Every structure is written in structure tokens, then in C-alpha cells.
Amino acid sequence: QVRLVESGGDLVQPGGSLRLSCAAPGVPLDNYAIGWFRQAPGKEREGVSCVGSRGDGINTNYADTVKGRFTITKDIAKSTVYLQMNGLKPEDTGVYYCALQIYLKCTGKFVYNEYDHWGQGTQVTVST
């Protein structure tokens with residue numbers, strides 16, 4: 001049973017930073033692609049970033065809206081993926097979800113229904 005636990009969401013001022021964590025206890029992340037998605041009120045879920053499996057060369061991709069501000073990393077030993085978010089903007093507000101899928105390639109398409117395993121989400125609010 002794959003269980004994902006996100007944490008790190010908070011209220012932050014514009015320009016601030018947050019680091020989100022996605023823990024997957026006991027999961028060999030080497031074989032999995034991990035994606036971060038977000039959903040703002042009244043909007044569809046959108047892909048933010050992903051990191052591929054070792055077979056995918058641990059490839060990373062980012063949505064155009066977050067390139068240069070967000071960084072995704074994978075800690076195999078801790079079975080945890082992080083999303084470092086800098087230069088936060090009000091439009092980054094939303095519930096952030098991590099998702100896991102074995103052997104999936106990390107592309108820039110962020111197709112959410114390619115992922116079978118999802119966390120419960122963590123709220124990020126960027127506001128004065």
C-alpha cells in the first residue's frame with residue numbers, strides 16, 4: 001500500500017519561500033516518477049513539477065509558470081520528495097498535491113490521470 005503524506009504548506013507573503021515535502025514511507029522512489037500538482041479554488045488541477053525514475057534519468061520538468069522559482073528534488077534514502085518554492089506569488093495559492101506512479105516518464109505534459117497514488121494535499125496561501 002502506497003501512502004503519501006504532504007507537509008510544509010503555510011501562509012506566506014509574496015516573494016517568500018516554502019519547502020513542501022512528500023513522504024512515501026517504504027516506497028523505493030528510484031522506480032517512481034513523482035509529480036506535484038496544485039488546485040486553486042474554482043480552477044482545474046494543474047501540474048507544477050515532476051521528477052522521473054532512475055530509468056528516466058531522474059529527469060525533471062516544470063510548468064512555465066514556476067520555472068526558475070521552484071525546484072524539485074528527490075531523497076531516495078528518506079523516500080521523500082521536496083518542492084522548494086521561492087519568489088512566491090499570489091497566483092501560486094492553492095492546495096498542493098504530490099502524486100506517484102511507477103516507471104512513469106516525467107514529461108512536461110503533467111497528465112494527472114497517469115498517476116495512481118495521491119496525497120491528501122497541503123494548503124499554500126500567498127497573501128499580504
Side-chain angles (χ1 to χ4, degrees):
Q1 183 84 13
V2 174
R3 185 172 68 96
L4 302 178
V5 181
E6 299 108 329
S7 61
D10 206 344
L11 170 64
V12 64
Q13 292 189 346
S17 297
L18 285 174
R19 188 178 78 158
L20 305 184
S21 300
C22 173
V27 176
L29 291 185
D30 258 8
N31 298 328
Y32 287 79
I34 295 90
W36 281 100
F37 293 77
R38 67 187 181 189
Q39 189 164 19
K43 294 189 176 180
E44 291 188 357
R45 191 170 298 192
E46 63 174 351
V48 174
S49 181
C50 61
V51 56
S53 65
R54 187 178 295 277
D56 190 28
I58 318 182
N59 185 38
T60 58
N61 265 293
Y62 300 91
D64 288 342
T65 51
V66 306
K67 276 180 184 175
R69 299 188 297 123
F70 291 11
T71 304
I72 189 169
T73 55
K74 183 195 287 190
D75 188 327
I76 302 297
K78 295 183 178 180
S79 292
T80 300
V81 174
Y82 302 98
L83 185 68
Q84 178 66 43
M85 306 188 297
N86 299 327
L88 283 163
K89 304 175 181 179
E91 51 264 43
D92 294 318
T93 294
V95 179
Y96 282 68
Y97 300 90
C98 66
L100 211 65
Q101 184 60 34
I102 194 166
Y103 302 135
L104 180 68
K105 287 189 179 293
C106 166
T107 69
K109 296 182 179 179
F110 301 112
V111 181
Y112 71 86
N113 59 12
E114 289 183 333
Y115 293 84
D116 284 341
H117 309 287
W118 290 81
Q120 82 288 352
T122 186
Q123 177 71 45
V124 172
T125 303
V126 185
S127 175
T128 55

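Bear in mind the structure is a predicted one, so any value in this text is a computation, not a measurement. Numbers here simply count residues along the sequence, with the first being 1.
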> Could you measure the distance from the SG atom of Cys50 to the CG atom of Leu100? Nearest 0.5 Å is fine.
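One finds 12.0 Å between SG of Cys50 and CG of Leu100.
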> Indicate yes or no: does Asp30 engage Lys74 in a salt bridge with an N to O separation below 4.0 Å.
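No, this pair does not count.
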> Do the numbers put Arg45 on top of the ring of Trp36, so that NZ or CZ is under 6.0 Å from the six-membered ring centre and no more than 45° off the axis?
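The answer is no, since Arg45 fails at least one limit relative to Trp36.
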> Mind checking whether Glu6 and Cys98 have side chains closer than 4.5 Å, heavy atoms only?
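Yes, side chains in contact.
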> Please round to the nearest 0.5 Å and tell me the distance separating atom SG of Cys22 and atom CG of Asp75.
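These two atoms lie 12.5 Å from each other.
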> Can you check whether Gln101 reaches Val2 side chain to side chain, under 4.5 Å on heavy atoms?
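A side-chain contact under 4.5 Å is absent here.
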> Establish, from distance only, whether the side-chain atoms of Thr125 and Gln123 form a donor-acceptor pair under 3.5 Å.
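Judged by distance alone, the side chains do pair up.
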> Please tell me whether Leu11 and Leu88 are part of a single hydrophobic cluster in this structure, the criterion being side-chain heavy atoms less than 4.5 Å apart.
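Not linked; separate clusters.
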> List the steps and the verdict of side chain to side chain contact (heavy atoms under 4.5 Å, CB included) for Ile72 and Val81.
CA-CA 7 Å; Ile72 189 169; Val81 174; 3.8 Å; yes
> Report yes if the side chains of Tyr97 and Thr122 come closer than 4.5 Å at any heavy-atom pair, otherwise no.
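They are not in contact (no side-chain heavy atoms under 4.5 Å apart), so the answer is no.
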> Are Leu20 and Met85 side-chain neighbours, meaning at least one heavy-atom pair lies under 4.5 Å?
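Yes; the side chains approach each other to less than 4.5 Å.
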> Within the distance-only criterion (no hydrogens, no angle test), does the side chain of Asp92 pair as donor or acceptor with the backbone N or O of Lys89 below 3.5 angstrom?
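Here the side-chain-to-backbone pair exists.
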> Between Val27 and Tyr82, is there shared hydrophobic-cluster membership here, with clusters defined by ILVMFWY side-chain heavy atoms closer than 4.5 Å?
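No, separate clusters.
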> Using the rule that Ile, Leu, Val, Met, Phe, Trp and Tyr join whenever any side-chain heavy atoms are under 4.5 Å apart, tell me whether Tyr32 and Val5 fall into a single cluster.
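Result: no, two separate clusters.
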> Answer yes or no: is there a donor N or O on one side and an acceptor on the other, between the side chain of Thr80 and the main chain of Lys78, under 3.5 Å?
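Yes, because the side chain of Thr80 sits within donor-acceptor range (under 3.5 Å) of the backbone of Lys78.
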> Hydrophobic clustering (ILVMFWY, side-chain heavy atoms < 4.5 Å, transitive) - are Phe110 and Tyr112 grouped together?
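Yes, one cluster joins them.
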> Report yes if the side chains of Val51 and Ile58 come closer than 4.5 Å at any heavy-atom pair, otherwise no.
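Result yes, sub-4.5 Å side-chain heavy-atom pair found.
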> Can you list everything that forms a side chain to side chain donor-acceptor pair (under 3.5 Å) with Asp64? Sequence neighbours excluded, please.
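Only Lys67 meet the side chain to side chain donor-acceptor pair (under 3.5 Å) criterion with Asp64.
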> Quick check for you: to the nearest 0.5 Å, what is the distance between His117 atom NE2 and Gln1 atom CD?
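One finds 8.5 Å between NE2 of His117 and CD of Gln1.
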> What heavy-atom pair brings Gly52 and Cys106 nearest, and what distance separates the two atoms?
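Scanning both residues completely, I find the closest heavy atoms to be N-CB, 3.5 Å.
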> Just how far is it from atom OG1 of Thr60 to atom CZ of Phe70, taken to the nearest 0.5 Å?
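Here the rounded value is 14.5 Å.
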> Go through the steps to decide whether Arg19 and Thr71 satisfy the test side chain to side chain contact (heavy atoms under 4.5 Å, CB included), and finish with yes or no.
CA-CA 9 Å; Arg19 188 178 78 158; Thr71 304; over 6 Å; no
> So, do Leu4 and Gln120 sit near enough that their side-chain heavy atoms are less than 4.5 Å apart?
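SC-SC contact between Leu4 and Gln120 ruled out.
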> Taking Val126 as the starting point, is it possible to reach Tyr96 by hopping between hydrophobic residues whose side chains are less than 4.5 Å apart?
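Yes, Tyr96 and Val126 fall within the same hydrophobic cluster.
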> First locate atom OG of Ser17, then atom CZ of Arg69, and finally report the distance between them rounded to the nearest 0.5 Å.
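Going from OG on Ser17 over to CZ on Arg69, the span is 10.0 Å.
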> Quick one, Val48 and Leu83 - any side-chain contact, counting heavy atoms below 4.5 Å?
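Val48 vs Leu83: side chains touch.
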> Would you mind reporting whether Ser127 and Gln13 have side-chain heavy atoms less than 4.5 Å apart?
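Not touching, per the 4.5 Å side-chain cut-off.
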> Under 6.0 Å between ring centres: does that hold for Tyr115 and Phe37?
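That pair passes the under 6.0 Å test.
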> In this structure, are over 12 heavy atoms from other groups packed under 6.0 Å from Glu44 atom CD?
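Counting neighbours around CD of Glu44, 12 or fewer heavy atoms of other residues, nucleotides or ligands fall under 6.0 Å, so no.
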> Test side chain to side chain contact (heavy atoms under 4.5 Å, CB included) on Val95 and Val124 and set out the steps.
CA-CA 6 Å; Val95 179; Val124 172; over 6 Å; no
